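Below: the structure, in structure tokens.
Order of the sequence lines fixes the chain letters, A, B, ..., with proteins taken first and strands second; residue numbering starts at 1 for each chain. All values reported here derive from a predicted model rather than from experimental measurement. Atom set for the values below is all heavy atoms of this structure, side chains included, hydrogens, waters and symmetry mates excluded.
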There are 2 protein chains.
Amino acid sequence: MTKQRKLPLYVQIKNKLVTNIKEGVWQPGEAIPSESQLIEQYNVSRTTIRQAIQDLAQKNVLETRRGAPTRVRNEPQIELGNPGIIHHELGTDFDVKVLRAETLKEHYYASYQLQLEENEDVYLIERLRIADNKPIAFQRMFVPLPIGEKVTTFSAEAFDIFPKLGEHNIHHTNIRELVSASNATQYEADLLGIIPGGALIDIERTTLGIDSQPIEYSRTRYLPEFFHYRVEIGK
Amino acid sequence: MTKQRKLPLYVQIKNKLVTNIKEGVWQPGEAIPSESQLIEQYNVSRTTIRQAIQDLAQKNVLETRRGAPTRVRNEPQIELGNPGIIHHELGTDFDVKVLRAETLKEHYYASYQLQLEENEDVYLIERLRIADNKPIAFQRMFVPLPIGEKVTTFSAEAFDIFPKLGEHNIHHTNIRELVSASNATQYEADLLGIIPGGALIDIERTTLGIDSQPIEYSRTRYLPEFFHYRVEIGK
DNA sequence: CATCATTTGTTCGTATGTATA
DNA sequence: ATATACATACGAACAAATGAT
């Protein structure tokens, strides 16, 4: 049935450990049973247990320390979105301010990016990202009208809208980002409190839903000193 | 003297294997001696040899396949460990111009990034990237002196030095990039043919060798309209 | 095409070292 | 200081895939 009989023992053990973690039997930060306990429980050799644990420690699921019990990692980077890419806003106290939120009858480029038909409306939200009472980014976000109606209810609360969208059963699969740089326009400069022409990090993002249709196209311009865009390749 | 006596046996073995690769005793793509040969050669158990090899295999330095000899990896994962990152210079005809190449006696920040000792010298190369006879990027690259001596021989031929370094048996594992934006200084503006203050894409890169020691730290500033930095997350 | 020696993969058992609580 | 935990290291045996004869 499960066909697991043909998998190596240590892989079977590994699967069982992962299952226990996913089902919350062992909570993050908690210690899992010791090697000798697992040996008894599963009736296998120490080698087998260790290989399973080592693999998971390698994948940052478990954390081992000589002399101390093996624990489930706190931040289970279940690599669902961050394969080495880190966006990081600098600051301690964050806020959002909605500048504009309305339906657009005509916006060729946004419609194109969202792959909408001619007659479909686009919803535009312009927002300011604020950290420690200082504006650090300006965002223009375009979404299809049906999504816009939902987004507008919380666009003033959370800058990252996708966790909230998830609560409304709108999930995303792929995110594509084009990182560039641009000089602040007079409008942007006024908003961000810098001189016109100042360099901004320019992030153009397209987010795809589960059906691979775009659900968001946005351009965000960050003050360089308040945003880290870090990429790690390899390992 | 080397203090290696206190390191675990398998780590010592690992270091010896890495040394053999770095010195070109075993070329990329080539098979290393079998486990039983290594057992005889180093007079340790199979467990020890296997742990060393497994560590390196998992770091993508070696490649193991059941039944077949273990080999040194060819190109350290051009796309495999890569979560969809595309750097793309726009243009058809590319060239490089070396502006400066010399040993620096003192450069605190570069030394820190390269994790060098106080007394170790740093080699600096300043280059201009040219596309279709137009300068599109300015790069300041810092490398440890031993590597600098090799890089200098081809730094005027290839902008991407790592394939060339590979031919000299200097391989890399991890690349970390921090993408930001900055305003062109007077000097950069003159080099790139723009006005001072113009926005540039600023890429700060640290490259690690197979022994996880940094082998390059560089800052490259691109004209935004001639460089795409694209990231794809998910799937 | 089948055979077979070689090579890596899996699993057991055992012993000792070393950090933690 | 002691018991417990993980880390290192040895040896042995069989399984499974490979590559050459």
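Looking at A:E89 and A:Y222, their side chains do bring a donor and an acceptor atom within 3.5 Å of each other. Looking only at atom types and distance, the side chain of B:E177 has a donor-acceptor partner in the side chain of B:Y229 under 3.5 Å away. A donor-acceptor pair shorter than 3.5 Å cannot be found between the side chains of B:S155 and B:T152.
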Study note, to complete from the structure: Applying the Watson-Crick and G-U criteria (both distances under 3.5 angstrom) with [ ] for crossing and | for other-strand pairs, one obtains for DNA chain D .||||||||||||||||||||
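Of all the heavy atoms in B:D55 and B:Y10, the pair that sits closest is OD2-CE1, 3.8 Å.
Nearest-nucleotide positions on DNA chain C place B:Q37 closer to the 5' end than the other of A:L9 and B:Q37.
Close to D:dA7, at under 4.0 Å from its OP1 or OP2, lies a side-chain N or O of A:T64. Between B:T70 and C:dT8, a side-chain N or O to OP1/OP2 separation shorter than 4.0 Å is present.
Take B:R66 and apply the salt bridge (Lys or Arg N to Asp or Glu O under 4.0 Å) test, not counting sequence neighbours, and it matches no residue. Under the rule for a salt bridge (Lys or Arg N to Asp or Glu O under 4.0 Å), the partners of B:R46 that lie at least two apart in sequence or sit in another chain are B:E35. Looking at residues two or more places apart in sequence or on another chain, you find a ring pair (Phe, Tyr, Trp, His ring centres under 6.0 Å) between B:F154 and B:H168.
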Can you tabulate the close N/O pairs, meaning under 3.5 Å, that link protein atoms to atoms of nucleotides 17-21 of chain D?
{"residue": "D:dG19", "atom": "OP1", "partner": "B:R65", "partner atom": "NH2", "Å": "3.1"}

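Between A:E35 atom CD and C:dT14 atom P there is a gap of 16 Å when expressed in whole angstrom units. Rounded to whole Å, atom P of D:dT4 lies 19 Å from atom CD1 of A:I32. If you measure from atom NZ of B:K14 to atom P of D:dA9, you get 11 Å, rounded to the nearest angstrom. One interatomic measurement links the two molecules: OH of B:Y10 to C1' of D:dC10, which rounds to 16 Å at whole-angstrom precision. Taking atom CG on B:L62 and atom C1' on C:dT8, their separation rounds to 13 Å, with Å as the unit.
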Check your understanding: Does the pair B:E102 and B:R100 meet the rule for a salt bridge (Lys or Arg N to Asp or Glu O under 4.0 Å), with working shown?
Key -> CA-CA 7 Å; B:E102 62 187 42; B:R100 186 179 164 200; 3.2 Å; yes
**Study point:** Worked check of side-chain hydrogen bond (donor to acceptor under 3.5 Å, both in side chains) between A:Y217 and A:E204
**Key:** CA-CA 7 Å; A:Y217 168 73; A:E204 189 175 347; 2.8 Å; yes
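Taking the side chain of B:P8 as heavy atoms from C-beta on, and the options D:dA9, C:dT11, D:dC6, the nearest nucleotide is D:dA9.
Taking a cutoff of 4.0 Å between a charged side-chain nitrogen and a carboxylate oxygen, A:E216 and A:R205 qualify as a salt bridge. Salt-bridge formation is not detected for the pair B:R71/B:E63: no Lys NZ or Arg NE/NH1/NH2 atom is positioned less than 4.0 Å from an Asp or Glu carboxylate oxygen.
Sorted by residue number, the members of residues 39-57 of chain A with any non-hydrogen atom under 4.0 Å from DNA chain D read A:R46, A:R50.
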